[in-house]
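The first residue in the sequence is number 1, and the count goes up from there. Start at 1 and go down the list; that is how both ligands and their atoms are numbered.
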Amino acid sequence: MIPIKTGAEIDGMRVACQISAEILAEVAAAVQPGMTTGDLDAFAAERMRARGVQSAFLGYGGFPGATCISLNDEVVHGIPGNRVINAGDLVSVDLGVTAEGFIGDNATTVCVGEVDEESARLVAVCEAALAAGVDAARAGNRVGDIGHAVQTVTEAAGFSVVRDFCGHGVGRKLHEDPQIPNFGTPGKGPELKPGMTLAIEPMINQGTFRVEILANGWTVRTRDRKRSAHCEHTVLVAPKGPAEILTCAEKK
Ligand code: MG
């Protein structure tokens, strides 16, 4: 059952998503070589406190961080801690907040200082894949159209899409129906309707799409240790045209 949000619920989602996007932009701008992933998480937690919102991830299934911070060959669900961020790293920050009972979920991958050309290209393709996914999230389309769009952009660039983790509906709960794979067949899957709020989140790899989970039970890493990028927006399926990006930091 895919929730269709009422006008009041959409208003609530707008507020949560706006705050989530603004804090993610602040966290991304705060990334510096020499700091630890724990330092970055503490900064994010402080910004959430200052804005009067809660982390949607802290304690979710026992997750110990306010954010997920994944470096280089880590795909998603990195646990913030003592790891030092270095120039040349890719730092994926996934950040969700709860505001007045609604959740905004978004992620970005930051290039720290000068990164190698293939890493920069990976991040650019991930963002392009997300844009294609958002463009495909139109009323009357189906979930498979989103995944197909993400997959097409990614594979045309010579990269792969992770199969084992996917996007999702989001609203009062962090994970609602439907699941939104980053691969798919056009015209297949549940139909998209106005008022659905969806987290679209390409996770793309330089090498194999195969991943493994570290001994901590959370962190997902590429099996071949090549790099991965992740970006995410929460969007609203509109009556017409592409979905509206709710996690847009620039908007007032
Ligand atoms: Mg998500």
Side-chain angles (χ1 to χ4, degrees), residues 2-3 5 12-14 16-25 27-28 41 44 48 53-70 74-80 91-99 101-110 126-127 129-134 136-137 143 146-147 149-150 154 161-184 189-190 192 196-205 211 213 218-220 228-237 243-249:
I2 304 176
K5 271 68 178 183
M13 287 297 290
R14 286 187 191 286
C17 288
Q18 180 70 33
I19 294 170
S20 188
E22 289 172 4
I23 296 175
L24 180 62
V27 172
D41 187 65
M48 291 179 198
V53 298
Q54 297 80 44
S55 166
F57 300 169
L58 181 66
Y60 186 92
F63 188 77
T67 61
C68 299
I69 302 178
S70 310
E74 294 172 350
V75 179
V76 286
H77 303 168
I79 297 177
V91 180
S92 299
V93 181
D94 194 347
L95 187 150
V97 306
T98 306
F102 292 97
I103 293 170
D105 189 9
N106 57 176
T108 191
T109 296
V110 178
C126 193
E127 287 167 359
L130 174 57
V134 172
V143 167
I146 299 174
V150 168
T154 302
V161 295
V162 171
R163 305 294 200 269
D164 294 1
F165 296 85
C166 57
H168 50 92
V170 58
R172 292 183 186 274
K173 289 194 285 185
L174 180 58
H175 294 115
E176 298 181 343
D177 285 340
Q179 291 200 336
I180 307 174
N182 290 305
F183 57 98
L192 302 175
M196 290 180 178
T197 48
L198 310 173
I200 301 177
E201 50 178 322
M203 293 153 243
I204 76 170
N205 297 348
V211 298
I213 297 179
W218 279 105
T219 308
V220 179
S228 186
H230 177 214
C231 54
E232 174 182 32
H233 277 306
T234 297
V235 306
L236 169 67
V237 178
E244 178 188 349
I245 296 172
L246 299 180
T247 45
C248 188

Colleague: For the Mg ion (ligand 1), which N, O or S atom of D105 is at the shortest distance?
Modeller: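 Atom name of the closest N, O or S in D105: OD2.
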Colleague: Can you find a side-chain donor-acceptor pair between D41 and T67 that sits under 3.5 Å?
Modeller: yes
Colleague: By atom name, which N, O or S atom of E201 is the nearest to the Mg ion (ligand 1)?
Modeller: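 When I compare the N, O and S atoms of E201, OE2 is nearest to the Mg ion (ligand 1).
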Colleague: Any N/O/S atom, backbone or side chain, of H175 lying under 2.8 Å from the Mg ion (ligand 1)?
Modeller: no
Colleague: Quick check: of its N, O or S atoms, which one does E232 have closest to the Mg ion (ligand 1)?
Modeller: OE2
Colleague: Tell me if a side-chain donor or acceptor on H233 pairs with a main-chain N or O of T247 at a distance below 3.5 Å.
Modeller: yes
Colleague: Under the side-chain contact (heavy atoms from CB on, under 4.5 Å) rule, what do K5 and L236 come out as? Steps first, then yes or no, please.
Modeller: CA-CA 9 Å; K5 271 68 178 183; L236 169 67; 5.7 Å; no
Colleague: Donor-acceptor pair, distance only, cut-off 3.5 Å: does the side chain of D177 make one with the backbone of P3?
Modeller: no
